[in-house]
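These numbers were taken from a predicted model, which means no experiment stands behind them. Side chains are part of it too, since the values below use all heavy atoms of this structure and drop only hydrogens, waters and symmetry mates.
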Amino acid sequence: MHGPAMTAWLLLTLCGASAVYCLLRARRCVGEERRTAVGEAVMGFGMAAMALPATVVTPPAWSWAVYAAVFGAAALHALASVRRGGHHLHHLVGSLVMVYMAWPGGAQVAAHGGHGGGGGGGAVPLVTGALLVYYLAYVLRSGARLVPVAGPAAVAVAGPGGGSAPVWVVRPEFTLVCRLSMALAMLAMLVTL
């Protein structure tokens, strides 16, 4: 990721914490919700790895291929899962964004913003601009869904092993905060391209 080291560390922490929460959620969920949580954990850990400041570890020249392969496979999995509904279309977009950010050509085009290629200096590439609009809309929609509404208090829910999960692991608003955090991080990463 390009940008100040402090921003990179904050994004790494945010994405890593979101990924850990998603793994905890996956342990207590079953079926489609579990698959969704695992997909979100993979995305969170991948984003955390991409946010790691280059001053700490300089990634090898071939690292983009690993990111592209992992998130390309995640995109294919999400594409196959889209027909089941749920959050898979967003996972498909997110995986494709990760491939776009990892791919050397996409990152270089975005980083140069049209410099020297006949385009206007500092122009945002069309794909990056469209992704920024998508994630901005997603962040605003997710934030609006966090507005409290009157409802019954949450109770502990039995997990697949029959044990009781802590309330904060299964609360839908925590899941939404996790998704909102990763969307904000994705937006921040796209802005730095």
What do you reckon, are the aromatic ring centroids of Y134 and H90 less than 6.0 Å apart?
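Centroid separation for Y134 and H90: below 6.0 Å.
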Hey, are the side chains of [X] and [Y] touching, using non-hydrogen atoms and a 4.5 Å cut-off?
X	Y	value
L11	M47	no
R34	R28	no
H77	H91	no
L52	W9	yes
T36	R179	yes
Y138	V93	no

Looking at every non-hydrogen atom in both residues, tell me the closest pair between [X] and [Y] and how far apart they are.
X	Y	answer
G44	M182	CA-SD, 3.4 Å
C15	A185	SG-CB, 3.5 Å
A102	Y67	CB-CB, 3.4 Å
L92	V82	CD2-CG2, 4.3 Å

Does [X] belong to the same Ile/Leu/Val/Met/Phe/Trp/Tyr cluster as [Y], with side-chain heavy atoms less than 4.5 Å apart forming each link?
X	Y	answer
V42	V66	yes
Y135	L14	no
V133	V139	no
L10	L190	no
M98	L136	yes

Between M186 and M101, does the side chain to side chain contact (heavy atoms under 4.5 Å, CB included) criterion hold? Intermediate values first, please.
CA-CA 10 Å; M186 187 73 81; M101 287 192 298; 3.4 Å; yes
Distance-only donor-acceptor pairs under 3.5 Å for side chains of residues 53-62, two or more places apart:
unit_1 : atom_1 : unit_2 : atom_2 : d
T58    : OG1    : A54    : O      : 3.4

Before giving the answer on side chain to side chain contact (heavy atoms under 4.5 Å, CB included), spell out for L180 and L176 the whole-Å C-alpha distance, their side-chain angles and the decisive distance to 0.1 Å.
CA-CA 6 Å; L180 177 62; L176 191 56; 5.5 Å; no
Please round to the nearest 0.5 Å and tell me the distance separating atom CG of L96 and atom CG of L76.
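Rounded to the nearest 0.5 Å, the CG-CG separation comes to 8.5 Å.
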Should S95 and M43 be marked as a side chain to side chain contact (heavy atoms under 4.5 Å, CB included) after you check the CA-CA gap, both sets of side-chain angles, and the distance that decides it?
CA-CA 7 Å; S95 296; M43 182 67 69; 3.7 Å; yes
What do the steps show when you test V20 against F45 for side chain to side chain contact (heavy atoms under 4.5 Å, CB included), and what is the final call?
CA-CA 8 Å; V20 168; F45 284 127; 4.1 Å; yes
Exercise: do T128 and Y100 side chains pair donor with acceptor under 3.5 Å:
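The answer is yes; a qualifying pair exists.
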Side chain to side chain donor-acceptor pair (under 3.5 Å) between Y21 and S181: does it pass, once the steps are laid out?
CA-CA 11 Å; Y21 167 76; S181 299; over 6 Å; no
